[in-house]
Structure formats: structure tokens, C-alpha cells
Protein chains: 2
Amino acid sequence: MGKGEATRERILEIAESAVLAKGFGATSIDEVIAEAGLTKSGFFYHFKDKNALAHEMLRRYVATNDQLFDEIFARGHQLSDDPLQAFLISLKLLAETMSDLPNGHPGCLIASICYQERLFDREVRELTAQSVRDWNARFRKILDGIAAVYPPREPVDLDDVADMLSCIVDGAIIMSKTLNDPSRLERQILIFRSCVKLMFAPSPLP
Amino acid sequence: MGKGEATRERILEIAESAVLAKGFGATSIDEVIAEAGLTKSGFFYHFKDKNALAHEMLRRYVATNDQLFDEIFARGHQLSDDPLQAFLISLKLLAETMSDLPNGHPGCLIASICYQERLFDREVRELTAQSVRDWNARFRKILDGIAAVYPPREPVDLDDVADMLSCIVDGAIIMSKTLNDPSRLERQILIFRSCVKLMFAPSPLP
DNA sequence: CCAAAACTGCACTCACGGTACGGTTTCTCC
DNA sequence: GGAGAAACCGTACCGTGAGTGCAGTTTTGG
């Protein structure tokens, strides 16, 4: 890894936490470069403008999240052959991972960008949309596997259930931040887990 | 209503849609006053700074939402004496209301402010937190009434279930905006409704 | 050692938030 | 209808932050 790439990473790291803490518009390049210890010229050598910075931040964020999901759902599948059990275990792991974050979840970049959309170009917005679609598709696939074994009690659209997880996580992050209570995120994931259980787990036979 | 108050309302209306569309930081006073047809001096006559604008916008937004909830849950209670049925009806009404919005839900101001927090003073942030707490308390009260009649199947914390509605709505708004598909919000509310049904509705006796 | 990569320094421009203040129009009430 | 307050307008100004341009300097890897 060249030195330039290391600097890029440092900038992205600093920028990400700043953006999640106070929004993209309120994050000044001056403050980022001050913390990174380089000059304005140095910054614009790596990123042609703020939009390019957003684009790279997003790529980084999505990649990290994808990797996390890969690990968590693979682990769930390791621990149980039953698709429902595997998913429930994974959700528990996800909840634990979230609650282990030292200062709570730093925030969702997608949501942050969502509320600033006019600031970004089509490319960035398309990237956010595609990542959300990918995550939904991933959850949907898991749910398909479950529904094949355990027919749902209520007539539910599996696409909507898949969407639900993303929605709950995003919403819970906002609530955690707004109320300054990191535990909400963990608890919301666990409540979603209960809902999945209720939807698919066979009723106890009398 | 004096003429001044009318101008204030006009400014707030214009500012709200702009803020929801592109974020608070990206909304310039210049563009707001251009659309409102007044000068900078006129603006600062009504609001001492941007933070004061945010504060008033928030008060307005919260009041509107509170009123909507009052109406919807009162209506549900009118249509059924059973607390569970009343809630399920209200959720359906809520979903319909959301899907009737011409261009989809414009966005949640709370969430928008959440991702821009450093821009606002303590007062504004406290107002957002209090409204979220109020909404959660309202839902919690309804759930208490339901649980008194229908004991939940799974051991769930009713506070978490109450939070869940806010989370889902906020998350679904983000997804709707990100994917440019307004229908997601309605569908997520209905999925939440299914979950409530599964949690509390008595299993069909064989 | 040399060329490319990774910067620095400086001097700008433009947009935006905000201040200051004197002047002008428009209500409102007696 | 007149006085005074409320609701503005105009202009000039400051500080900050994004972004440009470009010449010069250091660092690094082959």
C-alpha cells in the first residue's frame, strides 16, 4: 500500500465519523484536513471535490457492512442447519454486535445521505439505492429458505419482511441517537427476532 | 392572524420542504427568502438565526403529527371497543394516510435533525428527544390496554414494541426516499400490523 | 539517482450566515 | 385621519467554507 492510499484512508476515516456526527453539509474540509494533518491542496490532490469524498465514503461503508453481514449470517448457518434457527441465531449475533459498539452505532451513512440528497450527484444516490436493494435481496433469500420449511402463519409478503429489518435498524439507529440511548438498537433487533419467530415458528401443539 | 404571522408561516412552510428535500445545512436562507418573496432583513426580523428557524419548524412538525395521531387513534377507538381491534384499525388508517400522500412522505424532520445534530443547540435537540418519548409513551399506553385483554404469546417488552412503530416508520421513510418508492412506507406499517396481530391475537382454537 | 507520487504555499473567487442600521411602507387602534 | 407600532427594504459589511490554479518542494519506490 502506497503512502497516498494510507492518507486517503485516514481522510475517509476522519470524514466518516464527522459526517455521521453532524451531517455532510456541516463537516468542513478545513477541519478534516486539520485532524488529518495535511493542507487543502493535499486534500484536493486525493479527492476532486466533496462529492468524490462522499462517493468513496459510501463505498467503504457499504463494503464494511457487507462483510459484517457475511460473517454474521455465515456464523448462524454454521451453528444450525435449520434455516429458521440459523436466522434467529444470526439476529442475536447482530444485536450483540451492535450493543458491543463502545459509543453506540455511529449512524447510518445511507440515512445521512438520504436527508441530504440534493447535495450529491446521481452516481452517489444510485449507489445508496443499490446497496439497500442488495441488503433487502439478501434477507429475502434467507426468508425464502425459512418459508420453504415453515409456512408463515399470517399471509405476509416476504419482500416486506426482508425490508423490515433494514427499516428497523435504520429507525432504531435514529432513535438511539435522538434519545442518546444506544441500547435501543439492540432491543429493536431482538424485537424483530421475536416477530420472525412468531411468523414462522410452528405453534406449540396441545 | 396578523400579517407577520402569515409571513412566518410561509417561511416555515417553504423551509420545511427544502430542509426535508436536501437537509438543513444545504438549505440556504437566500433561497428561502427568494421563494417567499422577501429580503434578508425581513427574514431576520422574524427569526434571529437559523437555529430559531429550526426550532419553530420542529414545533410545527411535532404539533401536526400529534394532531394526526390523535385523529387516527380516536377514529380507531370509535370503530371498535376491543383495544386490539381498535389499534389494528388505526394502523390500517395510518397506512392509508401515508399512501395517500401525493409525492410520498416528505421525510421525518426528527431524523433529518438527528443527522445534523451539531448544527443545533441543546433546546432543539431536547425538543426532538421529548417528542419521540411522547410518541413512544402514547403507543405504550395503547399496548398496555391490549395486553390487559390479550396476554402476548411471546415474552415481549411492551416498551420495545411501542418503540418499534416509530422505528419502522422512520426507517421506512428513509427506504422510500432512497429507493424512490413511496409504497414502502405503507407496506411497512401493514407488516408491523401483522406483527401486532401475531403477538396478541389468540391462536385459533382447534 | 531519477521520475513519479505526494504533497506545500499562496493567492484568489464565490456563496452563505450573520450583523448593523437607517429608512420606508403598512397596519391598527384611538 | 393621525400616531405609533409592526413589518418590512437597502446597503454595506465581516467571517467562514468550498473550490480553483499553479508553481514549487519533499518523499518514495524502482
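Lettering follows sequence order; numbering is per chain, from 1.
- A straight line from CG of B:Leu38 to C1' of D:dA7 spans 10 Å, rounded to a whole angstrom.
- Residue A:Thr39 places its side chain closer to C:dG9 than to any other of C:dA6, C:dG9, D:dG19.
- Here the P atom of nucleotide D:dT11 and the OH atom of B:Tyr45 are 21 Å apart, to the nearest Å.
- In this structure, B:Phe24 has its ring center under 6.0 Å from that of B:Phe120.
- For the pair A:Asp30 CG and D:dT16 C1', the interatomic distance rounds to 8 Å; values are reported in whole Å.
- A donor-acceptor contact shorter than 3.5 Å links the side chain of A:Tyr115 to the backbone of B:Cys108.
- Residue A:Thr7 places at least one side-chain N or O closer than 4.0 Å to OP1 or OP2 of C:dC7.
- What separates CD1 of B:Ile33 from P of D:dT11 is a distance of 14 Å, to the nearest Å.
- Taking atom CD1 of residue B:Ile11 and atom P of nucleotide C:dG17, one finds them 14 Å apart after rounding to whole Å.
- In this structure, A:Lys50 reaches the D:dA18 phosphate: one of its side-chain N or O atoms is under 4.0 Å from OP1 or OP2.
- One distance of note links CD1 of A:Ile168 with CG of A:Leu190; it measures 10.5 Å at 0.5 Å rounding.
- When rounded to the nearest whole Å, the span between CZ of A:Phe47 and P of D:dT20 equals 15 Å.
- Among the nucleotides D:dG19, C:dC16, D:dG17, the one closest to any side-chain atom of A:Asp49 is D:dG19.
- Ring-centre distance between B:Phe192 and A:Phe192: not below the 6.0 Å cut-off.
- Here the P atom of nucleotide C:dG18 and the CZ atom of B:Phe44 are 5 Å apart, to the nearest Å.
- B:Phe47 carries B:Arg8 over the face of its six-membered ring, with the cationic atom under 6.0 Å from the centre and within 45° of the normal.
- Applying the 3.5 Å distance criterion, the base of D:dG10 shares no donor-acceptor pair with the side chain of B:Lys40.
- A:Ser41 comes within 4.0 angstrom of a base, heavy atoms only.
- In this entry the distance linking CG of A:Asp121 with C1' of D:dA18 reads 16 Å, nearest Å.
- Within the nucleic acid shown, A:Gly42 comes within 4.0 Å of at least one base atom, counting heavy atoms only.
- Nucleotides of DNA chain D nearest to A:Ile29 and B:Phe43 differ in position, and the one nearer the 5' end is that of B:Phe43.
- Phosphate proximity of D:dC8 to B:His46: present, with a side-chain N or O under 4.0 Å from OP1 or OP2.
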